[in-house]
2 protein chains.
Amino acid sequence: MASKIRNMEEFATVSGISRPTVSKYFNDPGSVRASTRARIELALERYDYRPNIYAMNQNRKLTKTIGVVVPLLSDPYFAEIARKLEQYCIAAGYRPTLFSSHGDPALEVEVLDTLRSLKPAGVLLAPLGRASDRNALKKFCDDVPTLIFDSSVDEIGLAFVGSDNFQFTSHITDYLCRTGEAPCFFEMKTPANPNAHRRRQSYLDAMARFGHKPDVISIEGEGWGFEEIGRLGGHEAFKKDRFSSNTILCSNDRLAIGLLTACYEQNIRVGRGDDCAIRVAGQDGHPHSRYTCPPLTTISHDYDSVSQTAVKTLFAAIEGQVSPWKSTRLEGRLILRDSA
Amino acid sequence: MASKIRNMEEFATVSGISRPTVSKYFNDPGSVRASTRARIELALERYDYRPNIYAMNQNRKLTKTIGVVVPLLSDPYFAEIARKLEQYCIAAGYRPTLFSSHGDPALEVEVLDTLRSLKPAGVLLAPLGRASDRNALKKFCDDVPTLIFDSSVDEIGLAFVGSDNFQFTSHITDYLCRTGEAPCFFEMKTPANPNAHRRRQSYLDAMARFGHKPDVISIEGEGWGFEEIGRLGGHEAFKKDRFSSNTILCSNDRLAIGLLTACYEQNIRVGRGDDCAIRVAGQDGHPHSRYTCPPLTTISHDYDSVSQTAVKTLFAAIEGQVSPWKSTRLEGRLILRDSA
DNA sequence: CCTGTTTCTTTACGCGCGTAAAATATTTGT
DNA sequence: ACAAATATTTTACGCGCGTAAAGAAACAGG
């Protein structure tokens, strides 16, 4: 009974519908009459046929593929947001394909090239940032409907969706100031992306607002191994007695995780208790931050909103809605834990 | 000069070579004469043409795509191994595509369906394990050359490549016994995959060998949130005073990370020092294990060897070499840190 | 220089599906 | 019940490339 169906022609025959109508169904099940749709779906259950993806996409101007590109998939933050982006894309009837630049600008360009040849309906791109090849990105955005997320590079693509880094740092600095010593700020001297610069500036602004003297500790280190950079930088800073406050706000959670390790190795007790020497806070709401020792106080991205907004904005643009370039920055939520 | 090339016909014209030869070149650059290859590559630089992937794959029996499927991409362990697999695939001239089952058996089946329609040259599959739909996996392996890695489910696919869980646990148990109290074993009652069972058994064997009484603490918890399961299970075990030894060997690093958090929350100092109450060790060499407090003693997968062996084995099979089903299990390397 | 081999060109067909146009059937509104 | 609106069928072409076959050209070796 279930002799294998080889192509749409055969499937159309067994379902008693003409091939063009079947084709129409696969491109949009809602575009055929309900009774027709029912007959097709009945046949679909009986015969287990799937149209050939390659033949489909060859003639379509617009594929149903959505490219999702993140700078570093082994960072659980990106893994998490990528997962949510995937979900929303699937829910919207698209086929997400995941790529990682693995922290390498050359790979980022390669990924973009691969993506171009996939003729995706759209791309959700979190650029590497500072190291990105701006021209390559710009050219890519000209060819493919691209929404930038997480970290903005110029005013590129259809729009930008990310977090409000100013609010992030302002909010957590406020909290730290009101609950103890005003924090100093722990960051990488040459950070990977512009978010870090916004956070530093926001820290400086907030400190000025409260009338405190700011102190920025900028540590050495290149690449995406933030934990190790934070750990080594932490040791260095302790050695040179660079921390002018007992409270340290880190530019991001991964740096904070490394700093916590350094604190442990220096035998410095971190937390809010009387027996603790310093307080440490991060920023990002990294999936791992709950499980550090002590658990890390941080300000978290609104993962759901960021990813949902990103997907919605992209699809609005794809489906013909023209709107000027726009930047959406969502607020973060303070997560109070033991570290600060 | 660089008027856009629309298809292979046009590109063949501008490069002064016939289309079938150009086609041959793209399928295997080494299959054409050196002088011909040079002319094509010269034109390639000047005109920036890339063959249409969809048209290419429509007629090829064997795509150059390799599917890489992991159970949970947001677990840095899988992210890391996926990254290495990707690298080796690219080096071999294939195009890896990454998928995650996100811990959901239904999604795993969906991924496999998607993959089937991509007609990949091969698939590197790390199954969910216990929750996997065995029949669906088996059927998939019949249709597509599939190599199973990380966690084996029956004798499915072309071969299995993973770590030697017996050696893992035996080795680290040995270490713990020789440096302090014999460990008890901390695990999930219903673990996600069979590796956990092997590790438990290996623990029991090792303890018998050393003449110690084994103690297995099996904690409740479902799903892939191992850290939280370990944390809650840890609290529960402390409450019930379930730990019969001051040394705890965890079934995996993520569980250990959760347990460390529980220890912190219980105000129990972990480590090797005299001021420490207990020792905790993990298994896997999780990317994060270096940055726990204290840094986690663990036994690490040989990420490079596992991924390289997996890719090599798959390609050997793809390229026609028939060999019987085989299981390769690689030894782990003990990583001594402060936690034990 | 000639022969045998390898590589390339020419010609031609097919893959599975998108899609357009015209004819026909079905549904909808009144 | 009938005209108008909508959906489906029929027919037909094209997309970009894989690939097969036969003949022409380039190459290697003696």
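The model shown is predicted, which means the values in this text are computed figures rather than measured ones.
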Side-chain donor/acceptor of N195(B) to backbone N/O of D150(B), under 3.5 Å: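 A pair under 3.5 Å: yes.
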Distances for protein N/O vs nucleotides 23-28 of chain C N/O pairs under 3.5 angstrom?
none

Salt bridge (Lys or Arg N to Asp or Glu O under 4.0 Å) contacts touching residues 78-91 of chain A (sequence neighbours left out): E80(A)-R83(A), E80(A)-K84(A), K84(A)-D304(A)
Flag the pair [X] / [Y] as yes when at least one side-chain heavy-atom distance between them is below 4.5 Å, and no otherwise.
X       : Y       : value
V69(A)  : L115(A) : yes
L124(B) : C89(B)  : yes
P71(B)  : W224(B) : yes
I318(B) : L314(B) : yes
R50(B)  : D113(A) : yes
Y303(B) : P287(B) : yes

Closest non-hydrogen atom pair, K64(B) against G93(B): CD-O, 3.9 Å
Shortest non-hydrogen separation from V111(A) to F99(A) and the atoms involved: CG1-CB, 3.5 Å
DNA chain D contacts among residues 114-121 of chain A, heavy-atom distance under 4.0 Å: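 Under 4.0 Å from DNA chain D: no residue of residues 114-121 of chain A.
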Taking distance alone, no hydrogens or angles, what donor-acceptor pairs closer than 3.5 Å link side-chain atoms of residues 138-147 of chain A to residues at least two apart or in another chain?
residue	atom	partner	partner atom	Å
D143(A)	OD2	R116(A)	NH1	2.3
T146(A)	OG1	V144(A)	O	2.8

F11(B) and F26(B) aromatic ring geometry - parallel, tilted or perpendicular at 30°/60° bounds: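 Correct class here is tilted.
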Short heteroatom pairs, N/O only, protein and nucleotides 15-22 of chain D, under 3.5 Å:
residue	atom	partner	partner atom	Å
dC15(D)	O2	N59(A)	OD1	2.7
dC15(D)	O2	N59(A)	ND2	3.2
dG16(D)	O4'	Q58(A)	NE2	3.2
dG16(D)	N2	Q58(B)	OE1	3.4
dG16(D)	N2	N59(B)	ND2	3.4
dG16(D)	N3	Q58(A)	NE2	2.9
dC17(D)	OP1	Y49(B)	OH	2.4
dC17(D)	OP1	N52(B)	N	2.9
dC17(D)	OP2	M8(B)	N	2.3
dC17(D)	OP2	Y49(B)	OH	3.4
dC17(D)	O2	N59(B)	ND2	3.0
dG18(D)	OP1	N27(B)	OD1	3.4
dG18(D)	OP2	S23(B)	OG	2.3
dG18(D)	N7	R19(B)	NH1	3.4
dG18(D)	O6	R19(B)	NH2	2.9
dT19(D)	OP1	K61(B)	NZ	3.0
dT19(D)	O4	R19(B)	NH2	3.2

Phosphate OP1/OP2 of dC8(C): any T21(B) side-chain N/O under 4.0 Å: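 False: T21(B) side-chain N/O out of range (4.0 Å or more) of dC8(C) OP1/OP2.
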Terminal helix-axis angle for the helix from dC1(C)-dG30(D) to dT30(C)-dA1(D), with five pairs defining each axis and rounding to 10 degrees: 20°
